K.L.:
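My questions will all concern the structure given below.
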Amino acid sequence: YEFQQGQLQWWSGDPSFDNPGILLKTTDGTASIVFALNVLDGSDVRVLGGQLRAGRGGSFSGSYVISQGEFQPSGGTFVLQEGSIGSGAGQLRPVGGTLTVPANATATLDGVLFLDGGTTSGSGTLRLIGQNTIVGGSFGGIVSNEGTLDWNSGDLGRGIIDNLATVNINGAAIRNLYGTLNNQGTVVHNAGGAIRGWQRDSEGWTGRVNNLPDGVYEFQQGQLQQWVGEPSFYNEGFLVKTTDATTSIFVGFDGTNGTIDVEEGRLDLQGSFVNFASNRLEGGRYIIAGELRFPGADIQANAATIELIAPAAAIRDTGGNDALRNFSTNEAGGIFAIADGADVTVPADFTNAGIIDVEFDSTFTVTGNFIQTAGQTWVAEGGSIDPSNQFLLQGGTLEGGGIIGADTINSGGNVMPGFDGPGILTIRGNYTQTAGGSLSFDVAGTEIGTQHDRFSVFNAVDLDGTLNIHVAD
């Protein structure tokens, strides 16, 4: 059926156009089908010139092809039937109306969807493979993205979008998040325009991002804004900040089981932050080479994993104040690590019951005593811990090949030069080991630091307690 120009108009009743063959649009201009258009198994829609629009709904069933140009649903409801598969080099480009998948059905679009208006909806599953695009309208319903979805404009409407592959959020347009985005693949957020989160139960708005385990949400630029209600970002995967821009998340944030990795620039958490309360950070992993900010950041106790891995790495409050300005306790289960030129100074006695890891070219300075009651302290070669008073090892282990820059009293721990093998651990001061302390050495040859341990003490040594020697086979 070659359509050059004109219309098929609805006038009365329910006229229909059933196409299992070739529907061809030639010449410039717009041709319109205002009958119910049923694209059946075996259909081939070819738009060689102008636009072909369908304005009274219909259906898609079986395997059909849009082989050329743009086929534009413009009104009514089009039902994507169970098992239907749309493919081809052309585009299914809705500019109005609704594409819907009925309950218990699954319909597939293979690289043909270009949503420019209207909506997608339904309680069945719309499966996307290949490369599909949103530039307008409202993209909702139950969607499984298994290809590449470019979200350039338009809204994510009510429903659930499960991303198993790649979603690219591009462009300067302001857009809205009414539904839920579940990410198990990769989301690249490179939108200069804000995304507004809407949450209102009475309207069916959830306004939620769930970054699930193994999901990667890469934030390059832009904002997630709290617009209506309490939209949220729940992170169980990897939230990665790249580029030197400042990006902001204004919605409520829960990162209990996930990782925030600020590789460059600044990431601001401007809304509620579930992991921080009463000056205590709990849950999640924070790998910081750039800067992370959140409201009221004054971390006095740590029960999370914090890794500062660059000279300028910082965690701050929203006013720019150092979040570690009153840091005093690393709890059991807490990990605090600095590396590659990141230096930290705490203003008073510091107590560790978890893991402290000081790597090459980094210094942890304590204005007071460093007190370890349990856990582990690792000081790598080229790293140092500098208490202004004493290093008090009451429990756990002190390991590594770096420097402790103070008098050290071991009353209940185990000092182990090296880490996973021989090394040279240096005490720049006196070393006292009481009856409850232990000192452990690896011996595997005659080379200092590579085949056997060395414990180097600058000043006096007073030894009691236990000496452990492990001789390699």
Side-chain angles (χ1 to χ4, degrees), residues 302 308 324 326-330 334-443 448-450 452-470:
N302 176 49
L308 306 179
L324 300 175
N326 295 307
F327 188 29
S328 62
T329 305
N330 191 51
I335 300 174
F336 183 78
I338 56 177
D340 297 329
D343 297 325
V344 171
T345 298
V346 297
D349 288 354
F350 181 84
T351 301
N352 177 48
I355 294 175
I356 298 294
D357 182 6
V358 180
E359 293 292 325
F360 178 80
D361 199 28
S362 290
T363 299
F364 186 46
T365 301
V366 179
T367 310
N369 295 311
F370 185 108
I371 305 164
Q372 180 164 301
T373 58
Q376 299 168 290
T377 294
W378 304 333
V379 189
E381 182 179 357
S384 64
I385 296 177
D386 287 342
S388 63
N389 290 338
Q390 295 177 320
F391 189 104
L392 304 177
L393 185 61
Q394 300 171 358
T397 62
L398 168 62
E399 306 174 50
I403 296 170
I404 305 298
D407 292 346
T408 299
I409 300 174
N410 178 9
S411 60
N414 188 6
V415 174
M416 306 168 64
F419 180 72
D420 286 339
I424 301 172
L425 180 63
T426 300
I427 306 295
R428 287 184 174 171
N430 302 313
Y431 178 74
T432 301
Q433 181 170 300
T434 66
S438 298
L439 182 59
S440 299
F441 289 96
D442 289 322
V443 178
I448 299 170
T450 57
H452 70 259
D453 289 327
R454 170 171 282 185
F455 185 45
S456 178
V457 180
F458 273 35
N459 298 329
V461 176
D462 186 0
L463 291 177
D464 198 347
T466 303
L467 174 64
N468 299 307
I469 299 178
H470 176 257

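Note that this is a predicted model, so its numbers are computed, not measured.
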K.L.:
State, to 0.1 Å, how close N468 and S438 come at their nearest heavy-atom pair, and which atoms those are.
P.N.:
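Minimum heavy-atom separation between N468 and S438: ND2-CB, 3.9 Å.
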K.L.:
Does S384 reach the main-chain N or O of I404 with its side chain, forming a donor-acceptor pair under 3.5 Å?
P.N.:
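No, S384 side chain to I404 backbone: no donor-acceptor pair under 3.5 Å.
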K.L.:
With rounding to the nearest 0.5 angstrom, report the CD to CD1 distance, E381 to I403.
P.N.:
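Here the rounded value is 9.5 Å.
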K.L.:
Once side chain to side chain contact (heavy atoms under 4.5 Å, CB included) is applied, do any residues pair with F458, and if so which ones, sequence neighbours excluded?
P.N.:
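Listed in chain order: T426, R428.
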K.L.:
How about D357 and I335: do any of their side-chain heavy atoms sit closer than 4.5 Å?
P.N.:
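They are not in contact (no side-chain heavy atoms under 4.5 Å apart), so the answer is no.
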K.L.:
To check you understand the geometry: which heavy-atom pair defines the closest contact between F350 and T329, and what is its length?
P.N.:
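Heavy-atom minimum between the residues: CE1-N, 3.9 Å.
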K.L.:
Compare every heavy atom of R454 with every heavy atom of P417, then report the nearest pair and how far apart it is.
P.N.:
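Shortest heavy-atom separation between P417 and R454 comes out as CB-O, 3.7 Å.
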K.L.:
About how many Å separate CG of N369 and CG of D349, when rounded to the nearest 0.5 Å?
P.N.:
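Those atoms lie 4.5 Å apart.
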K.L.:
Rounded to the nearest 0.5 Å, what separates atom CG in N430 from atom CG in D407?
P.N.:
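With rounding to 0.5 Å, CG (N430) is 4.0 Å from CG (D407).
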K.L.:
Excluding sequence neighbours, so at least two apart, what forms side-chain hydrogen bond (donor to acceptor under 3.5 Å, both in side chains) with N330?
P.N.:
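Testing N330 for side-chain hydrogen bond (donor to acceptor under 3.5 Å, both in side chains), a comparison that skips the adjacent residues, returns N302, N352.
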K.L.:
Test Q433 against every option in T408, V461, N410, L467 by the side chain to side chain contact (heavy atoms under 4.5 Å, CB included) rule and name the one that passes.
P.N.:
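When side chain to side chain contact (heavy atoms under 4.5 Å, CB included) is applied between Q433 and each of T408, V461, N410, L467, only N410 qualifies.
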K.L.:
Among all residues two or more places apart in sequence or in another chain, which pass the side-chain hydrogen bond (donor to acceptor under 3.5 Å, both in side chains) test with D464?
P.N.:
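Here no residue qualifies.
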K.L.:
Where the side chain of D442 meets the backbone of H452, is there a donor-acceptor pair that is under 3.5 Å apart?
P.N.:
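No; judged by distance alone, with no hydrogens or angles, the pair does not exist.
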K.L.:
Could you list the residues that satisfy side chain to side chain contact (heavy atoms under 4.5 Å, CB included) with A380, not counting sequence neighbours?
P.N.:
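Per chain and number, A380 pairs via side chain to side chain contact (heavy atoms under 4.5 Å, CB included) with E359.
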K.L.:
May I have the list of side-chain donor-acceptor pairs in residues 386-394 shorter than 3.5 Å, sequence neighbours left out?
P.N.:
| residue | atom | partner | partner atom | Å |
| --- | --- | --- | --- | --- |
| S388 | OG | G368 | N | 2.7 |

K.L.:
May I have all residue pairs that pass ring pair (Phe, Tyr, Trp, His ring centres under 6.0 Å) and include part of residues 413-436, sequence neighbours excluded?
P.N.:
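Pairs touching residues 413-436 that pass the test: W378-F419, Y431-F455.
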K.L.:
Enter the distance from T351:OG1 to I371:CD1 here, rounded to the nearest 0.5 Å.
P.N.:
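The CD1 atom of I371 is 4.5 Å from OG1 of T351, to the nearest 0.5 Å.
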K.L.:
Per the ring pair (Phe, Tyr, Trp, His ring centres under 6.0 Å) rule, what does the pair list look like for residues 399-418, sequence neighbours excluded?
P.N.:
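Ring pair (Phe, Tyr, Trp, His ring centres under 6.0 Å) check on residues 399-418 returns no pairs.
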K.L.:
Please test L425 against L398 for side-chain contact (heavy atoms from CB on, under 4.5 Å), starting from the C-alpha separation and ending with a verdict.
P.N.:
CA-CA 9 Å; L425 180 63; L398 168 62; 4.1 Å; yes
K.L.:
How far apart are the closest heavy atoms of I338 and V344, and which atoms are they?
P.N.:
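Between these two residues, the closest heavy atoms are CG2-CG2, 3.8 Å.
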K.L.:
Should V346 and L324 count as side-chain neighbours, where that means a heavy-atom distance under 4.5 Å?
P.N.:
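Heavy-atom side-chain distance check fails, nothing below 4.5 Å.
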K.L.:
Using the side chain to side chain contact (heavy atoms under 4.5 Å, CB included) criterion, which residues pair with D343? Sequence neighbours excluded.
P.N.:
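Counting only residues at least two positions away or on another chain, D343 forms a side chain to side chain contact (heavy atoms under 4.5 Å, CB included) with S362, T363.
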K.L.:
Side chain to side chain contact (heavy atoms under 4.5 Å, CB included) with T397: which residues, sequence neighbours excluded?
P.N.:
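T397 satisfies side chain to side chain contact (heavy atoms under 4.5 Å, CB included) with Q376, E399, N414, M416 once adjacent residues are dropped.
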K.L.:
Looking at every heavy atom in both P422 and D453, which two are closest together, and how far apart are they?
P.N.:
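Scanning both residues completely, I find the closest heavy atoms to be CA-OD1, 2.9 Å.
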